[in-house]
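Within every chain, numbering begins at 1; the chains are lettered A, B, ... in the order of the sequence lines, protein sequences first and strands thereafter. Remember, it's a predicted structure, so these values are computed and weren't measured experimentally. Values below: all heavy atoms of this structure, side chains included; hydrogens, waters and symmetry mates excluded.
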Number of protein chains: 2
Amino acid sequence: MTTQSRATLADVAMLAGVSSKTVSRVFAGAGNVSADTRERVLKAAKRLRFRPNNLARNLRRGGVTNTVAFVIGDLKNPFYFHVAAGIERELALRGLTMVLATTDDSPDSEERVVDALISQRVRALLLIPIADDQSYLEGERQLGTPVVSVDRPARNLVADSVVLQNRQGMAEAVRSLTAIGHRRIGFISNPSAMYTQRERLAGYREALREVGVHETAAWERLDDDPDISPELAVQSLLALPEPPTAIVAGNNRGSAGAVRVLRNLEPPVAFIGFDDFELADALDISVVAYDPMELGRTAARLALEHLEDPDSFTKQVEIPTRLIHRGSGEIPPPAR
Amino acid sequence: MTTQSRATLADVAMLAGVSSKTVSRVFAGAGNVSADTRERVLKAAKRLRFRPNNLARNLRRGGVTNTVAFVIGDLKNPFYFHVAAGIERELALRGLTMVLATTDDSPDSEERVVDALISQRVRALLLIPIADDQSYLEGERQLGTPVVSVDRPARNLVADSVVLQNRQGMAEAVRSLTAIGHRRIGFISNPSAMYTQRERLAGYREALREVGVHETAAWERLDDDPDISPELAVQSLLALPEPPTAIVAGNNRGSAGAVRVLRNLEPPVAFIGFDDFELADALDISVVAYDPMELGRTAARLALEHLEDPDSFTKQVEIPTRLIHRGSGEIPPPAR
DNA sequence: ACAACTTGGGACAGCGTTGACATTTTTGTT
DNA sequence: AACAAAAATGTCAACGCTGTCCCAAGTTGT
């Protein structure tokens with residue numbers, strides 16, 4: 001007797017002495033139902049612990065649910081969490097719920113995961129592209145499912161996208177270092193093949209070129225193996241015959257590594273990270289910051305707009321970054 | 001022509017020249033279908049961009065989906081993120097997906113949110129209880145939906161639960177302080193009314209009683225207003241005529257505040273936090289740590305067990321904590 | 001007194017899928 | 001070559017709900 005079955009509209013209707021359509025009317029809110037009948041129905045529903053079956057409702061209504069999927073590579077990165085929080089927040093305002101799916105940062109599983117979500121008939125798809133090609137989504141997009149690519153642009157797919165001002169953000173950071181005299185500036189990045197990292201690298205090079213530094217390869221530590229710790233990259237920079245007087249990191253992982261190596265170094269090495277992180281203020285670490293929740297909110301908003309007006313043009317939105325001075329980025333190069 | 005409609009089994013069947021049941025067989029994996037037919041069907045499906053409709057499938061199958069809901073108060077806390085990651089990971093192994101819903105830490109919305117999820121026919125419900133009473137879930141539980149309460153026990157509801165060794169963890173931390181001579185030990189907690197905080201407070205008091213300290217009220221800073229910053233609580237402790245020589249924090253938020261106030265203090269004040277955090281190692285902060293992903297994994301596993309054996313007894317699981325010595329907790333009291 | 005509305009409520013079909021069962025085709029056996 | 005067993009495929013109904021159409025009983029106006 002663990003499994004008495006769930007009450008349906010018909011059960012409630014029977015108990016209330018009305019037709020199931022009337023019960024439906026009560027629960028759908030609409031329709032003409034007298035106060036008297038409504039009350040009888042609600043009482044019966046309560047007695048039977050009735051909950052409308054959204055599966056059936058959505059099926060009947062044409063197969064659209066009220067869930068929006070967010071596909072990410074790896075849940076452990078706090079960055080994604082904040083993005084997810086922003087999405088959730090924005091969706092909740094419209095009565096939509098978010099389902100979270102991960103691809104374990106594996107390009108192969110991306111299509112599989114997305115496929116499963118489409119089978120669930122999600123209303124919209126927000127994803128952080130990880131595979132090299134999102135053209136497999138083209139059909140779905142044509143069917144009216146909004147697709148928003150987050151943090152990186154999708155490839156071979158016309159879709160809305162929200163990305164950060166990666167290039168400008170990094171360039172601004174490097175400029176603030178060159179402005180106080182730094183010329184030998186290290187850059188650590190891992191995984192460096194990723195769109196965001198490539199952009200940030202471009203910003204780094206651009207800012208150095210502006211002050212006449214064209215040869216930067218020796219100061220770039222571009223890895224693509226998550227097992228290589230950022231600490232190692234930093235140490236290898238410091239071991240150079242002419243070590244950099246400042247270092248910038250392409251992401252929060254790099255920052256964490258750099259912080260561990262650089263503190264208590266004599267003479268101190270200037271540092272600026274990309275992505276803000278908890279306690280960066282306590283550690284006096286300057287960073288290029290932005291609002292990850294805003295990234296999520298914007299992505300959700302784009303999807304919602306597209307849902308409201310399916311024929312709207314696709315949009316590319318850039319979330320601004322800003323350089324936060326906390327001390328580590330303001331250390332001048334040693335006088336020589 | 002943005003909205004050509006989605007292909008169904010019947011469409012595929014027509015194109016492949018078979019019955020829709022056969023197409024169903026192909027996509028459900030089961031059943032006997034000749035290699036020849038299977039191929040024809042797959043080809044037709046591909047051409048029509050067919051995706052099985054899980055809504056219909058689940059409805060037909062008896063109204064159970066393959067989603068599990070995780071209800072949390074506030075997505076921004078990194079702690080929940082890791083728990084969610086653990087859940088997601090474990091569910092993915094069984095082909096289940098996680099939907100995330102938040103209650104905005106508002107007890108009133110808990111029932112509403114849960115109700116909506118039940119309407120979605122989630123397979124199981126994992127929640128961090130925030131309301132005072134979860135008895136409203138009793139009916140659902142009887143209907144066979146596993147309910148697992150995470151991080152705090154549910155109230156007025158027989159349900160599986162996974163919690164941390166809050167009391168022992170905190171007691172261990174305090175004992176390690178008393179062992180090196182501390183007697184005046186501050187405790188900061190906010191929001192302190194919460195189950196976990198009450199437990200940790202109890203552990204703190206217990207450890208102090210063991211060394212003969214029974215009067216601790218003066219060193220306890222128990223707040224229940226998220227707007228009161230932990231920094232303030234710490235400062236008010238330090239302002240005491242006889243300030244504590246060590247401080248422990250009830251959660252990561254408290255630790256962050258304490259770290260900001262305590263560093264560079266002379267003489268140094270010992271500190272141990274509850275919850276590990278990024279870069280705690282770089283800051284030499286000792287903490288009571290545990291594996292938040294494990295909390296999630298365990299919760300998911302309990303739900304899955306219950307799904308497999310609906311008549312199994314409810315279980316209460318405790319996730320172990322461990323004290324990590326990093327320096328801040330090993331500072332002895334000033335010699336006097 | 002009668003048409004013309006309005007209001008509350010019901011009958012029925014069908015959303016896309018699959019389980020139960022029926023039927024046809026293929027295969028294996030002697 | 002005949003026949004049983006196995007494999008492949010089909011028919012039909014139903015999962016729980018709501019859209020569409022319909023009807024009965026008021027209500028209003030002339």
Identify, residue by residue, the members of residues 16-24 of chain B with a heavy atom below 4.0 Å from DNA chain D, and return them in order of residue number, or none.
B:Val18, B:Ser19, B:Lys21, B:Thr22
Does one side chain, of A:Thr103 or A:Glu110, offer a donor that lies under 3.5 Å from an acceptor on the other?
no
Side chains of A:Asp133 and A:Ser135: is there a donor and an acceptor less than 3.5 Å apart?
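A donor-acceptor contact under 3.5 Å links the two side chains.
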Contact nearer the 5' end of DNA chain D, comparing A:Arg61 with B:Arg38:
B:Arg38
Quick one: bend of the helix from C:dA1-D:dT30 to C:dT30-D:dA1 from 5 pairs per end, to 10°?
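For the helix from C:dA1-D:dT30 to C:dT30-D:dA1, the axes at opposite ends meet at about 30°.
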Enter the distance from B:Leu75:CG to A:Glu88:CD here, rounded to the nearest 0.5 Å.
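The CG atom of B:Leu75 sits 5.5 Å away from the CD atom of A:Glu88.
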What about A:Arg25: does its side chain form a donor-acceptor pair under 3.5 Å with the base of D:dG19?
no
Can you confirm if the aromatic rings of B:Phe27 and B:Phe50 lie within a centre distance of less than 6.0 Å?
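Here the rings of B:Phe27 and B:Phe50 have centres that are less than 6.0 Å from each other.
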Classify B:Asn32 by what it touches in the nucleic acid, base, sugar-phosphate, or nothing, heavy-atom distance under 4.0 Å.
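The answer is base, as B:Asn32 lies within the cut-off (heavy atoms under 4.0 Å) of a base atom.
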Using a 4.0 Å heavy-atom cut-off across all strands, classify A:Phe50 as base, sugar-phosphate, or nothing.
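Contact class for A:Phe50: sugar-phosphate only.
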If you look at every heavy atom in B:Leu55 and A:Gln120, which pair is closest and at what distance?
CD1-O, 4.0 Å
For D:dA8, does either OP1 or OP2 sit under 4.0 Å from a side-chain N or O belonging to B:Thr37?
no
